[in-house]
2 protein chains.
Amino acid sequence: MKLYNYFRSSASFRVRIALELKGLPYDYVPVHLQKGEQRAPAYASRLGDALVPALQTDDGHLLAQSMAIIEYLDETHPEPPLLPGGALARAHVRALAQMVACEIHPLNNLRVLKYLKHQLKVPDAAKDDWYHHWVRQGLEAFERQLALLDRERAAAGLAPSRLCWGDAPTLADCCLVPQIFNGQRFGVDLGGLSRTMAAFEACMQLPAFQRAQPSACPDHE
Amino acid sequence: MKLYNYFRSSASFRVRIALELKGLPYDYVPVHLQKGEQRAPAYASRLGDALVPALQTDDGHLLAQSMAIIEYLDETHPEPPLLPGGALARAHVRALAQMVACEIHPLNNLRVLKYLKHQLKVPDAAKDDWYHHWVRQGLEAFERQLALLDRERAAAGLAPSRLCWGDAPTLADCCLVPQIFNGQRFGVDLGGLSRTMAAFEACMQLPAFQRAQPSACPDHE
């Protein structure tokens with residue numbers, strides 16, 4: 001498999017974690033977003049949205065969208081699973097992932113920040129406020145959701161979670177960890193998010209997360 | 001089941017379509033976003049992010065995030081399926097859904113437009129430009145992706161699609177249709193998106209989509 005990605009892209013990072021957790025080897029193909037390499041015709045003509053990441057399967061199909069790619073990897077390489085057993089638990093894990101992927105990350109990616117700066121002429125300080133506002137608000141919601149799920153697990157007689165859901169990494173952890181890296185890079189206040197940060201830190205003890213992190217990427221600058 | 005939702009919320013609309021496609025009865029619980037009813041403690045205390053939609057299962061569990069809810073419905077009520085058979089096709093359908101849910105919709109929901117207006121003091125005309133920009137750009141990417149998938153289907157000897165993928169409604173159609181309604185409401189130019197609009201119009205021929213539309217909701221204004 002080939003993963004088209006960028007070391008700093010949160011969505012790329014999600015897929016790298018999943019590949020590492022599954023122990024799947026892949027060719028790392030860097031696409032430098034800051035230099036606009038995603039718009040090169042050889043890449044852009046193969047993808048509707050010309051974003052990263054994209055995963056090329058061994059038989060040449062190109063898959064878009066990080067969460068769709070991770071679900072694909074989980075269906076085609078089931079061990080270790082990145083979704084728990086049981087429809088209810090799976091719904092909770094997918095919802096946590098989507099709280100990051102649909103509520104936080106889209107407001108803070110590079111093309112949005114560029115639009116704020118260039119089209120709307122938003123001053124840098126207000127652009128930073130925008131960034132901090134959505135990440136902080138989204139992570140506070142994430143923290144509350146983890147607390148609600150912890151209570152639900154306790155009521156069902158399940159062991160407390162060390163990670164987002166249980167003790168084995170899931171799609172939710174694949175989404176959370178890159179968002180925390182991103183927040184740290186931009187100086188977001190992560191105080192008071194104790195349950196979320198404990199899950200993050202427990203993930204970062206695991207070699208798969210370490211191997212997938214931006215500083216371990218071949219295109220890291 | 002109870003669906004907490006708002007007639008005008010695109011994410012709520014996605015889940016209503018899925019429930020109608022599955023033929024599942026549900027209690028419609030309106031949560032008026034413009035009036036801030038989602039922040040009432042009885043609702044907000046049960047959900048990390050206090051957004052709509054949320055689905056309460058018959059045994060009292062509350063599920064968040066529209067795409068997670070639809071995947072849950074598809075796992076617990078498999079007929080008719082909202083994802084195709086085969087991991088590759090499923091990845092393509094999920095990616096189409098996420099092109100709407102992770103790239104277009106998050107930039108245009110009510111809380112973001114309010115932030116532009118109140119915090120960033122963006123004039124109405126520039127706010128409308130923002131809206132039109134992201135919806136148009138996102139739908140152009142969607143149109144290109146549908147064309148790529150049509151070619152992939154043809155190469156694999158599959159029949160041409162009438163909807164987003166094939167002739168049976170999927171998660172991708174559940175996400176596309178509300179986004180088109182939203183774009184139409186805000187006067188986005190939908191010209192030149194012939195494949196996308198053909199899928200939209202084919203969906204709207206189906207009773208399930210008609211029954212789920214905002215004008216058919218009990219809280220429609």
Side-chain angles (χ1 to χ4, degrees), chain A residues 11 44-51 55 57 59 61-69 71-73 75-76 87-88 90-99 101-107 111-112 115-116 119-120 122 126 129-130 133-134 137-138 140-149 152, chain B residues 11 44-51 55 57 59 61-69 71-73 75-76 87-88 90-99 101-107 111-112 115-116 119-120 122 126 129-130 133-134 137-138 140-149 152:
Chain A
S45 66
R46 298 181 62 203
L47 271 179
D49 58 11
L51 300 172
L55 183 76
T57 64
D59 51 0
H61 295 288
L62 198 62
L63 306 182
Q65 289 291 330
S66 60
M67 288 195 302
I69 293 170
E71 295 259 6
Y72 170 85
L73 292 172
E75 292 187 0
T76 53
L88 182 67
R90 294 160 73 87
H92 287 324
V93 167
R94 286 191 175 111
L96 287 169
Q98 289 161 21
M99 286 178 76
C102 304
E103 310 296 341
I104 304 176
H105 178 65
L107 295 168
R111 65 203 170 101
V112 172
Y115 190 99
L116 289 175
Q119 269 75 33
L120 294 180
V122 171
D129 287 347
W130 161 282
H133 173 81
W134 297 115
Q137 185 185 80
E140 286 176 359
F142 197 91
E143 176 82 5
R144 289 191 294 270
Q145 189 68 12
L146 289 181
L148 289 165
L149 295 180
E152 183 165 322
Chain B
S45 65
R46 298 181 63 202
L47 271 178
D49 58 11
L51 300 172
L55 184 76
T57 64
D59 51 359
H61 296 288
L62 198 62
L63 306 181
Q65 288 291 332
S66 61
M67 289 195 302
I69 294 170
E71 295 259 7
Y72 170 85
L73 292 172
E75 292 187 1
T76 53
L88 182 67
R90 294 160 75 85
H92 287 324
V93 166
R94 285 190 175 112
L96 288 169
Q98 289 161 21
M99 286 178 76
C102 303
E103 310 297 341
I104 305 176
H105 179 65
L107 295 168
R111 65 202 171 101
V112 173
Y115 190 100
L116 289 175
Q119 268 76 31
L120 294 179
V122 171
D129 287 347
W130 162 282
H133 173 80
W134 297 115
Q137 185 185 80
E140 286 175 0
F142 197 92
E143 176 82 5
R144 288 191 295 271
Q145 189 68 11
L146 289 181
L148 289 165
L149 295 180
E152 183 166 321

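Source: prediction; values computed, not measured. Naming convention: chains lettered A, B, ... in sequence-line order (proteins, then strands); numbering from 1 in each chain.
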If you count heavy-atom pairs under 4.5 Å between each of [options] and chain A, which one has the most?
| options | value |
| --- | --- |
| B:Ser66, B:Gly138, B:Ala87 | B:Ala87 |
| B:Leu47, B:Val93, B:Val122 | B:Leu47 |
| B:Gln119, B:Gln137, B:Met67 | B:Met67 |
| B:Ala11, B:Pro106, B:Ala97 | B:Pro106 |

Looking at [options], which one has more heavy-atom pairs under 4.5 Å with chain B than the rest?
| options | answer |
| --- | --- |
| A:Glu143, A:His105, A:Arg111 | A:Arg111 |
| A:Glu75, A:Gln98, A:Arg144 | A:Gln98 |
| A:Val112, A:Leu149, A:Thr76 | A:Val112 |

Check [X] against [Y] and note the closest heavy-atom contact, atom names and distance.
| X | Y | value |
| --- | --- | --- |
| A:Ala68 | B:Ala95 | CB-N, 3.6 Å |
| A:Ser45 | B:Leu148 | O-CD2, 3.4 Å |
| A:Gly48 | B:Gln145 | N-OE1, 2.6 Å |
| B:Leu62 | A:His92 | O-CE1, 3.8 Å |

Just wondering, do [Y] and [X] contact through their side chains at under 4.5 Å, heavy atoms?
| X | Y | value |
| --- | --- | --- |
| B:Leu63 | A:Leu88 | yes |
| A:Met99 | B:Asp49 | yes |
| B:Leu116 | A:Leu120 | yes |

| field | Residues that B:His133 engages under ring pair (Phe, Tyr, Trp, His ring centres under 6.0 Å), provided they are two or more places apart | value | A:Tyr115

| request: Could I get the full list of salt bridge (Lys or Arg N to Asp or Glu O under 4.0 Å) partners for A:Glu152, not counting sequence neighbours? | output: none

| request: Examine whether an atom of A:Trp134 lies under 4.5 Å from a heavy atom of chain B, and if so say whether it belongs to the side chain, the backbone or both; otherwise answer neither. | output: side chain

